[in-house]
Amino acid sequence: MTNSISINLPDGSVHEFPAGTTALQVAENIGAGLARAALAAKVDGEVWDLERPISETVSLEILTERQPEALDVLRHSAAHILATAVRQLYPEANIGFGPAIEDGFYYDFEVERPFTPEDLATIEDRMREVVKENFPFVREEVDRDEAERRFKDDPLKLERIEELGDDEVISVYADGPFVDLCRGPHLPATGRLKHFKLLHAAGAYWRGDERRQMLQRIYGTAWFNKKDLDQYLTRLEEARKRDHRVIGKQLDLFSIQEDVGPGQILWHPRGATIQFELRRFIEDEVLRRGYDLVYTPHITKEQLFFRSGHLPMYEDDQFPAMAAAAGDAEGVRYRVKPMNCPMHALVYASRQRSYRELPIRLAEVANVYRNERSGTLHGMLRVRGLTMDDAHIFCTEDQIEEEIYGILDLADFVLNKTFGLEYRLDFSTRPEKKIGSDDVWDIAEKALLGALERKNITYGVDEGGGAFYGPKIDIKIRDAIGREWQGATIQLDYQLPERFGLEYVGRDNKPHRPVMIHRAIYGTMERFVGMLIEHFAGAFPVWISPEQVRVIPITDDLASAASDIHGRLRTVGIRSSVDDRSETLNYRVRDGEIMKVPYMAVVGKREVENGTVAVRVRGTGKKQEIMPVDAFVERVLRQIRERSLSPTG
RNA sequence: GCUCGCGUAGCUCAGUGGUAGAGCGCGUCCUUGGUAAGGACGAGGUCACGGGUUCAAGCCCCGUCGCGAGCUCCA
C-alpha cells in the first residue's frame with residue numbers, strides 16, 4: 001500500500017500527490033484560475049466528478065467549458081436540476097432516467113397528469129431557484145441494500161437497481177433535497193448551470209418499451225454561454241422556417257389530403273417537376289453505369305410474398321390482402337407490393353443465366369406501399385406511398401466487393417458531387433426478426449464489412465438494424481441544419497436467391513447461386529425531395545427548379561415582347577413563365593423572390609429596343625445584369641447542363 | 001399503435017355560451033409601373049365529422065377522422 005500516486009497531465013508532466021487527492025485539488029495546485037474554471041475531470045479516459053478521490057496513478061485532464069465532454073456534464077446536471085425542481089413541485093412524481101442528449105437533456109417522470117406548457121414555465125422558474133441555491137452535487141457510493149432503502153418509494157429506480165450487476169459500483173448523487181441513483185458525473189454545484197431553457201414535454205414509454213407505462217418526458221437545452229443558447233434557439237427557429245411541409249405549401253409543391261389518406265403525397269406540377277428531373281437524372285446515370293431498366297406491377301398474388309419471406313416477417317408493414325380477381329382460382333389473394341425485390345428476382349429467373357452475364361443490374365423507379373403506423377407519418381419524410389429509386393444487382397460472390405464500391409461511388413456522385421450533401425455510413429447487422437441461418441448471416445456481414453474495411457471507409461455500426469433478409473450499409477444524409485436522414489441504402493442478400501432458386505451456369509458448366517444486392521440512392525423520392533426542400537430552403541438549383549425563369553414585362557404593352565422571350569426559352573427546354581399581371585413591378589418582383597424563382601427577366605422599353613433582358617438573380621437583391629437575350633439563354637442552359645448548385649455564376 | 005395538444009374563409013390566425021372576424025390570397029374596376037406589397041369595391045364559412053348537455057354551442061362533454069410534438073418503428 002502506498003500513500004503517494006502519480007498524476008500524469010496532458011502536457012506530459014507527472015506530479016506526485018497523496019492517494020485520495022481529488023481532481024479539484026490537482027487543479028488548485030496548478031492554478032487558481034483553472035480551479036475556478038474546472039467542471040469535471042477526465043481520469044484515464046473516463047469523466048469523473050472533480051471531488052471524487054483518486055486512489056491510484058492515473059492520467060488526468062481537467063475539463064472546463066472548452067472541452068466538449070464538459071457540455072454533457074452540464075446537460076446531465078441540468079437534468080438533475082430539472083428533477084430537483086419537479087420533485088419539489090410534485091413530491092409524488094416517480095423519477096425515470098435523465099440523460100444528456102444531443103443539444104440538451106431530458107428527464108422522464110411518472111406523474112398523475114401530463115405537464116402543460118404553463119407547468120413547464122413554473123418548473124423552469126423553480127429550476128432557477130435551485131441554481132440560485134448553488135447546492136453542491138455530492139457523490140456517495142452505497143451497497144445494494146442501502147440503495148434499495150433509499151429508493152424504496154421509487155419503483156422505477158428500484159427496477160434499475162435490480163438490474164445492476166453485483167460487481168457494479170452503485171453511486172447516488174444529492175443536490176440539496178434531491179437524491180438520484182446515477183453514475184454521474186456532475187458539475188461541482190447547481191450554481192454552475194446558467195443558460196438553459198425547457199423546450200417541451202411529451203410522452204415516452206418507460207425503458208422505451210411500448211408495452212410498458214408511459215412516462216412524461218420534459219426536454220430542455222443547456223449551454224455554457226448565452227450566445228450558444230441563443231444560437232441554438234435561432235437554429236430551431238431556422239429549422240421551423242425550412243420545414244418542408246411549410247415550404248411545400250408556400251411553393252405549391254405537394255399536398256397530403258384527407259380524402260386520399262394519410263402518408264400519401266399528391267405531387268403538384270411544381271413538385272412533380274422536381275421528381276421528374278431527379279428521376280431522369282438517376283435513370284440516365286444508372287444506364288451509363290451498366291444497369292438495365294425494368295417495370296413491374298404494383299400488385300401481385302400474395303403467394304409471392306410468402307415465398308420471399310415478407311409474409312409473415314414484414315406483414316405488419318404491408319397493407320392487408322385484397323380479394324381474388326374475377327375468375328381467379330379459389331383462395332387466390334393479392335397484395336400491393338411493399339418492395340420490388342421478389343419481382344426483380346423473378347425477372348432474373350425468367351430464363352437461364354450464364355456467369356458471363358453477371359453482374360445483372362435491374363433498376364426501377366417504383367411505387368411501393370407500406371402500412372406505416374399512423375403516429376410515425378411525417379410530411380414527405382415518412383409516408384405510406386413511397387417512390388423508390390430501387391435496383392437489384394445479381395452477381396457472384398467474387399463480384400460483391402466491386403459492386404459495393406460501384407454503388408458507393410454512385411451515391412457519392414449523386415449526393416455529394418451533385419447536391420452538395422454531406423453523409424456518413426452506418427453498418428447495420430442482423431435484426432431479431434430475420435430469415436436464414438446465422439452461418440449465412442455471418443458470411444453476409446463479413447462480406448459487407450470486409451468491403452468497408454478494405455477501402456478504409458469510416459462507418460458507424462447499428463446493431464440489429466439490418467433488413468430481415470440481410471445486413472445493410474445505410475447512408476445517412478446530414479441536412480443544412482445538422483439533422484440526419486436515412487436515404488441511400490445497400491443491402492446484401494443471400495436469402496432471396498435461395499428462396500427463389502436463382503441460378504447461373506458457371507464456367508464449370510454447373511449451376512451456382514448468385515447473391516443479390518438491394519440498393520437505393522435517393523432512397524425514396526418523397527424523403528429525398530422533402531430533404532432537398534429543407535436543405536435548400538426551397539431555393540433549388542436551377543436544373544431542378546420548377547420554374548427556372550420568370551419573364552416580367554414592365555408595362556402591359558410589352559406583354560407580347562415578353563411572351564416572345566418566354567417562347568424562345570421554352571423552345572430550348574427552359575422552364576419559363578410570364579408574369580404580365582396588372583400589378584406593379586415591385587409586387588411581381590417580390591412574388592418571384594418569394595416563389596424562389598432563380599431568374600427573373602425584366603423586360604422594359606429599353607430592353608425590347610436593344611434585344612436584351614434585365615436579369616435579376618435569386619437572392620442577389622437589387623443588383624441586376626442587362627444582357628442580350630442570347631447570352632441569357634446560354635447562361636441558363638449552362639447552369640442546367642452543369643447542374644450548378646446556385647444560379648449565381 | 002401509445003401519451004398529450006390542436007382542427008374557424010384558399011393560406012396564416014383572432015374569436016371563453018347569445019346575429020362568424022382580420023391580414024394575405026382570389027375576382028372586378030382604376031392605376032402602366034424600372035427591381036421585395038399602388039388604390040377602390042366584391043365574392044368567399046355545414047366553425048373537421050357524428051352524437052350529447054343547454055332556452056341557446058365555433059366555444060362545454062363523449063366518440064370518430066385528420067394534423068402536430070414526442071415514444072415505438074422505419075426509406
Side-chain angles (χ1 to χ4, degrees), chain A residues 106 108 113-117 199-219 243 245-246 249-250 252 255-263 314 316-317 338-339 368 370-384 386-390 428 431 433 465 467 472 474-477 485-489 491 518-528 530-531 552-559 580 582-595 600-607 614-617 619-624 626:
Chain A
Y106 68 76
D108 288 339
R113 169 182 73 78
F115 299 110
T116 64
L199 298 173
H200 55 262
Y205 298 110
W206 170 233
R207 311 306 292 269
D209 185 339
E210 62 182 323
R211 287 165 306 200
R212 309 205 57 179
Q213 76 267 40
M214 184 158 277
L215 309 182
Q216 296 303 318
R217 175 172 298 177
I218 296 177
Y219 284 92
D243 190 320
R245 294 165 301 185
V246 174
K249 196 170 271 178
Q250 282 165 354
D252 195 16
S255 62
I256 299 170
Q257 298 187 30
E258 211 172 320
D259 288 339
V260 177
Y314 201 71
D316 288 348
D317 293 85
M339 293 185 192
V368 300
R370 299 182 184 175
N371 192 9
E372 302 289 345
R373 295 163 79 172
S374 60
T376 65
L377 302 175
H378 182 85
M380 293 185 113
L381 298 178
R382 189 75 187 275
V383 294
R384 286 183 176 151
L386 302 71
T387 310
M388 303 184 69
D389 66 315
D390 207 0
S428 299
K433 243 183 153 181
K472 311 192 285 182
D474 286 329
I475 300 185
K476 305 254 166 77
I477 300 172
W485 301 98
Q486 162 156 9
T489 179
Q491 311 172 348
H518 310 235
R519 56 100 286 197
I521 303 299
Y522 297 134
T524 67
M525 293 296 190
E526 287 77 15
R527 180 171 289 180
F528 195 72
M531 223 206 56
I552 304 180
I554 292 178
T555 58
D556 281 354
D557 55 322
L558 299 171
D580 56 4
S582 178
E583 298 286 354
T584 58
L585 180 62
N586 276 344
Y587 180 94
R588 288 176 288 159
V589 166
R590 178 181 144 86
D591 191 59
E593 286 287 350
I594 288 171
M595 293 303 284
M600 278 180 264
V602 177
V603 182
K605 217 165 90 192
R606 291 201 296 271
E607 284 74 25
V615 178
R616 180 183 167 116
V617 180
T620 58
K622 281 202 173 193
K623 207 173 65 189
Q624 52 166 315
I626 313 289

Worksheet item: Once Watson-Crick and G-U wobble pairs under 3.5 Å are found, how is RNA chain B written in dot-bracket notation, 5' to 3', with | for any base paired to another strand?
Response: (((((((..((((....[..)))).(((((.......))))).....(((((..]....))))))))))))....

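- For the OP1/OP2 pair of B:G10 and a distance below 4.0 Å, the side-chain nitrogens and oxygens of A:Lys249 include no atom meeting the criterion.
- When atom types are taken as modelled, the side chain of A:Arg519 and the backbone of A:Asp389 share a donor-acceptor pair closer than 3.5 angstrom.
- Rounding to whole angstrom units, CD of residue A:Gln250 and C1' of B:G10 are separated by 14 Å.
- A:Arg207 and A:Asp209 are not joined by a salt bridge, as no carboxylate oxygen comes within less than 4.0 angstrom of a charged side-chain nitrogen.
- When the P atom is compared between B:C47 and B:U28, the two are found 29 Å apart, to the nearest whole Å.
- Atom NE2 in A:His200 sits 9.5 Å away from atom CZ in A:Arg217 (nearest 0.5 Å).
- Going from the C1' atom of B:G38 to that of B:U31 covers 7 Å, rounded to whole Å.
- If you check the side chains of A:Thr584 and A:Asn586, you find no donor sitting under 3.5 Å from an acceptor.
- For the C1' atom pair drawn from B:A20 and B:G15, the interatomic distance equals 9 Å after rounding to whole Å.
- For the P atoms, the distance linking B:G1 with B:C49 amounts to 22 Å, nearest Å.
- Comparing the same atom, C1', in B:U53 and in B:C60 gives a spacing of 8 Å after rounding to whole Å.
- Whole-Å rounding puts the A:Asp108 CG to B:C4 C1' distance at 14 Å.
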Worksheet item: For every nucleotide of nucleotides 59-74 of chain B, 5' to 3': is a protein heavy atom under 4.0 Å from its base (B), only from its sugar-phosphate (S), or from neither (-)?
Response: ------SSSSSBBBBB

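- When all heavy atoms are compared, the tightest approach of A:Ala614 to A:Gln624 is CB-OE1, 3.1 Å.
- Taking the side chain as every heavy atom from C-beta outward, A:Asp317 and A:Pro338 never approach each other to under 4.5 Å.
- Across all their heavy atoms, A:Met600 and A:Val589 have their closest contact at CE-O, 3.5 Å.
- The structure places OG1 of A:Thr376 at 12.0 Å from CG of A:Leu381, a figure rounded to the nearest 0.5 Å.
- Using a 4.0 Å heavy-atom criterion, one finds that A:Thr116 contacts no nucleic acid atom at all.
- Partners of A:Met595 according to the side-chain contact (heavy atoms from CB on, under 4.5 Å) rule, which considers only residues two or more places apart in sequence or in another chain, are A:Leu251, A:Arg270, A:Arg550, A:Asp591, A:Val597.
- For the C1' atoms, the distance from B:A9 to B:A22 is 11 Å, rounded to whole Å.
- Under the rule for a side-chain contact (heavy atoms from CB on, under 4.5 Å), the partners of A:Ile594 that lie at least two apart in sequence or sit in another chain are A:Arg590.
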Please write out the pairs of protein N or O atoms and N or O atoms of nucleotides 34-36 of chain B separated by less than 3.5 Å, giving the distance to one decimal.
unit_1	atom_1	unit_2	atom_2	d
B:G34	O6	A:Lys605	N	3.2
B:G34	O6	A:Arg606	N	3.4
B:G34	N1	A:Glu607	OE1	2.7
B:G34	N1	A:Glu607	OE2	3.3
B:G34	N2	A:Glu607	OE1	3.1
B:G34	N2	A:Glu607	OE2	2.5
B:U35	O3'	A:Arg616	NH1	3.4
B:U35	O2'	A:Arg616	NH1	2.7
B:U35	O4	A:Gln624	OE1	2.5
B:A36	N7	A:Arg616	NH2	3.0
B:A36	N6	A:Glu593	OE1	3.4

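- Comparing the P positions of B:G52 and B:U19 gives a spacing of 24 Å, expressed to the nearest Å.
- Separation of the P atoms belonging to B:G68 and B:U8 is 14 Å when rounded to the nearest angstrom.
- The CZ atom of A:Arg382 sits 6.5 Å away from the CZ atom of A:Arg527 when rounded to the nearest 0.5 Å.
- A search for salt bridge (Lys or Arg N to Asp or Glu O under 4.0 Å) contacts involving A:Arg616 returns A:Glu593, not counting sequence neighbours.
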